[in-house]
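Worksheet for the structure shown next.
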Amino acid sequence: MPPEKNDLLTLSITGTTHEGVGIGRTPQGYVLFVPRTAPGDVCEVRVVKTLKSYGYGRLERLLTPSADRCEPACPAFGLCGGCAYLHLTYEAECRIKEQQVRAALQKELGELPPVLPIVPSAKTTRYRNKVQLPVGVSKGRAVTGFYRGRSHQVVPCDDCLLQPEEAAIAARLLCRHIDLHRIPIYDEGAHRGLVRTLFVRVGAASGQVMVVVVINGKFLPRADELVASLREMLPGLVSVQLCHNTKRTNVVLGDSFTTLWGKPYLEDALLGTTYAISAPSFYQINHDQCEALYLEAAKFASLTGSERLLDLYCGIGTIGLSMARQCKELVGVEVVEQAVLDAAACAKAAGLDNARFLCADAADAAAQLSKEGFSPDVVILDPPRKGCEPSLLHTVADMSPSRIVYVSCNPATLARDARLLRDLGYALTQARPFDLFPRTAHVETVALLSRDG
């Protein structure tokens with residue numbers, strides 16, 4: 001029998017969900033999910049919601065804390081929907097994430113997967129090179145922050161410890177500008193107001209800074225004054241832009257941009273190659289860990305100089321271009337047009353005449369390349385969290401590459417796709433997790449799938 005709502009239970013926490021929520025079981029075996037708890041905790045839990053086979057609880061009191069616990073460094077922890085593991089030591093967090101990757105692969109593949117030890121991040125604070133801060137109102141004044149978990153309610157946060165310090169400076173200046181000139185803040189429910197989001201990107205290697213204000217309109221009042229204050233306070237500033245998003249949507253960026261000052265991009269370097277990165281282009285947020293992951297991906301690819309390399313979901317081409325000098329030909333595919341332009345420009349600037357990039361859906365492009373007779377020796381897959389469409393995996397398998405290097409930000413969809421690829425003749429021979437997102441619930445994995453094992 002499930003417990004009743006509002007029951008107060010003594011519970012031992014024995015596990016963690018993929019979102020970083022503690023898992024406990026009543027003596028009758030009923031599962032309760034309890035945020036802000038850790039494996040090893042013994043605690044008093046208030047039941048807040050019950051379903052047939054599981055429910056949700058709220059931590060009321062710690063009776064015996066886990067040995068893995070630490071004091072959260074952020075006052076917004078538990079309110080903001082960003083960090084999941086600030087109450088755990090970093091060693092415990094990495095251990096949990098590695099186990100999550102192993103468990104997901106074992107569940108789908110039915111056998112103990114060949115998972116190498118996780119690679120921790122050298123930095124657990126200030127590691128992000130990009131932040132999107134929704135703008136809201138608190139006590140009559142403009143604030144920026146992060147959404148409360150499973151909502152679009154803005155939790156004010158003056159300075160997130162995961163984000164670059166430049167983001168906090170830009171946020172303060174934007175909020176001051178909004179308040180000074182009485183600029184209306186966007187109301188998502190009513191689809192009224194002007195200022196929606198602040199987007200800041202910082203080149204970890206270059207130190208260059210891009211600031212983008214997302215607005216529900218064409219113009220930002222007194223924008224020249226905001227630009228002047230940003231230029232004064234951010235020495236690395238190279239780009240200030242407006243992004244025009246007038247759609248009734250929760251997608252952050254719109255399709256059109258206006259450069260108010262500087263360039264429409266910033267530059268940064270990965271593994272010795274310099275990239276011009278536009279605002280809508282995907283770029284990994286943890287620079288140093290990204291380099292480590294790409295080196296592992298290159299090791300899995302085992303290029304000798306004679307291979308054709310197909311890079312699907314390539315973004316601005318960073319993974320493929322990091323290997324371009326070790327292969328005969330590189331073809332990258334990306335659906336975002338500006339990212340394709342960025343990738344092509346980077347290849348040209350680097351003198352890589354063996355690389356070309358196509359703007360298309362990954363599945364459509366792979367099917368078209370297959371019809372044209374393009375036969376890759378190695379395929380790189382770096383899909384979004386939802387993973388790959390089955391049709392794409394069938395097309396890739398029909399191309400008969402020797403190796404598939406799969407870079408994933410979601411262990412569950414990686415495991416699902418690895419099972420289908422196994423059925424198509426590709427065995428998972430190695431996988432290694434990388435913690436690109438310390439203190440959050442996310443973990444990146446690079447996996448090697450080889451034809452016929």
Side-chain angles (χ1 to χ4, degrees), residues 80-82 128-138 141-148 151-160 163-164 166-202 208-231 233-234 237-266 277-283 285 336-339 342:
C80 159
R128 290 187 62 96
N129 57 39
K130 185 191 82 170
V131 57
Q132 296 174 159
L133 296 168
V135 181
V137 179
S138 179
R141 302 186 69 85
V143 295
T144 60
F146 300 94
Y147 289 130
R148 189 181 298 271
S151 81
H152 272 201
Q153 178 187 353
V154 177
V155 176
C157 183
D158 293 333
D159 182 20
C160 170
Q163 314 295 347
E166 292 87 347
I169 295 170
R172 287 197 295 271
L173 295 175
L174 176 61
C175 289
R176 186 181 71 181
H177 186 79
I178 291 169
D179 291 338
L180 180 63
H181 299 295
R182 302 179 183 273
I183 300 171
I185 294 167
Y186 181 69
D187 182 325
E188 187 175 324
H191 191 48
R192 289 197 301 266
L194 184 66
V195 182
R196 301 176 72 136
T197 307
L198 173 67
F199 175 107
V200 179
R201 177 171 267 158
V202 178
Q208 295 186 5
V209 180
M210 170 191 290
V211 175
V212 181
V213 182
V214 184
I215 59 173
N216 177 40
K218 294 183 178 180
F219 307 103
L220 179 69
R222 312 288 283 270
D224 56 330
E225 295 179 16
L226 177 62
V227 170
S229 61
L230 289 168
R231 291 181 64 185
M233 298 302 295
L234 295 172
L237 191 70
V238 297
S239 176
V240 183
Q241 302 177 56
L242 295 178
C243 173
H244 309 280
N245 184 357
T246 57
K247 295 179 181 178
R248 193 166 198 156
T249 175
N250 59 11
V251 175
V252 174
L253 296 181
D255 297 326
S256 64
F257 294 80
T258 298
T259 300
L260 298 176
W261 177 83
K263 305 175 292 189
Y265 60 88
L266 62 71
I277 309 160
S278 305
S281 295
F282 173 78
Y283 187 65
I285 55 91
V336 178
E337 182 179 7
Q338 186 58 57
D342 289 349

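This structure is a prediction, so every number in the text was calculated from the model and none was measured.
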Taking ring pair (Phe, Tyr, Trp, His ring centres under 6.0 Å) as the definition, give me every residue that meets it alongside Phe282, ordered by chain and number, with sequence neighbours left out.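 Partners of Phe282 by the ring pair (Phe, Tyr, Trp, His ring centres under 6.0 Å) criterion come out as none, since no residue qualifies.
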Name all residues meeting the ring pair (Phe, Tyr, Trp, His ring centres under 6.0 Å) criterion together with Phe219; count only those two or more places apart in sequence or in a different chain, and write none if there are none.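 Checked Phe219 against ring pair (Phe, Tyr, Trp, His ring centres under 6.0 Å); zero matches.
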Leu220 and Val195: side-chain contact (heavy atoms from CB on, under 4.5 Å), yes or no, with the steps? CA-CA 8 Å; Leu220 179 69; Val195 182; 4.0 Å; yes
Between Trp261 and Leu237, does the side-chain contact (heavy atoms from CB on, under 4.5 Å) criterion hold? Intermediate values first, please. CA-CA 10 Å; Trp261 177 83; Leu237 191 70; 3.8 Å; yes
Which donor-acceptor pairs under 3.5 Å do side chains of residues 166-183 form with protein atoms, sequence neighbours excluded?
unit_1: His177; atom_1: NE2; unit_2: Pro221; atom_2: O; d: 2.9
unit_1: His177; atom_1: NE2; unit_2: Arg222; atom_2: O; d: 3.4
unit_1: Asp179; atom_1: OD1; unit_2: Ala142; atom_2: N; d: 3.0
unit_1: His181; atom_1: NE2; unit_2: Glu225; atom_2: OE1; d: 2.9

Minimum heavy-atom distance [X]-[Y], with the two atoms named:
{"X": "Arg128", "Y": "Lys130", "answer": "NE-O, 3.1 Å"}
{"X": "Val143", "Y": "Ser138", "answer": "CG1-CB, 3.8 Å"}
{"X": "Leu198", "Y": "Val135", "answer": "N-CG2, 4.2 Å"}
{"X": "Pro264", "Y": "Thr259", "answer": "CB-OG1, 3.7 Å"}
{"X": "Val212", "Y": "Ala279", "answer": "CG2-CB, 4.1 Å"}
{"X": "Ser281", "Y": "Ala339", "answer": "OG-CA, 3.4 Å"}

Roughly how far, to the nearest 0.5 Å, is the [atom2] atom of [Y] from the [atom1] atom of [X]?
{"X": "Gln153", "Y": "Cys80", "atom1": "CD", "atom2": "SG", "answer": "11.5 Å"}
{"X": "Met210", "Y": "Gln208", "atom1": "CE", "atom2": "CD", "answer": "9.0 Å"}
{"X": "Asn250", "Y": "His152", "atom1": "CG", "atom2": "NE2", "answer": "4.5 Å"}
{"X": "Asp224", "Y": "Ser229", "atom1": "CG", "atom2": "OG", "answer": "10.0 Å"}
{"X": "Thr246", "Y": "Ile215", "atom1": "OG1", "atom2": "CD1", "answer": "9.5 Å"}

Please tell me if the side chains of Phe199 and Val252 come closer than 4.5 Å, counting only heavy atoms from C-beta onward.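 No - every pair of side-chain heavy atoms lies 4.5 Å or more apart.
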Please examine the side chains of Tyr147 and Val154, heavy atoms only from C-beta on, and report whether any two atoms are closer than 4.5 Å.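 Side chain of Val154 against side chain of Tyr147, heavy atoms only: contact under 4.5 Å found.
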Determine yes or no for a side-chain-to-main-chain donor-acceptor pair under 3.5 angstrom, with [X] supplying the side chain and [Y] the backbone.
{"X": "Asp187", "Y": "Arg192", "value": "no"}
{"X": "His244", "Y": "Phe257", "value": "no"}
{"X": "Ser239", "Y": "Lys263", "value": "yes"}
{"X": "Asn129", "Y": "Ile285", "value": "yes"}
{"X": "Arg196", "Y": "Ile185", "value": "no"}

Passes side-chain contact (heavy atoms from CB on, under 4.5 Å), Asp342 versus Ser278? Steps please. CA-CA 7 Å; Asp342 289 349; Ser278 305; 3.0 Å; yes
For the residue pair His191 and Tyr186, categorise the inter-ring angle as parallel (less than 30°), tilted (30 to 60°) or perpendicular (more than 60°).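 Ring orientation of His191 relative to Tyr186: perpendicular.
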Which is it for Phe146 and Leu133 under the side-chain contact (heavy atoms from CB on, under 4.5 Å) test, yes or no, and what are the steps along the way? CA-CA 6 Å; Phe146 300 94; Leu133 296 168; 3.4 Å; yes
From Leu226, Val240, Val211, residue fulfilling side chain to side chain contact (heavy atoms under 4.5 Å, CB included) relative to Leu260: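 When Leu226, Val240, Val211 are each tested with Leu260, the side chain to side chain contact (heavy atoms under 4.5 Å, CB included) holds only for Val240.
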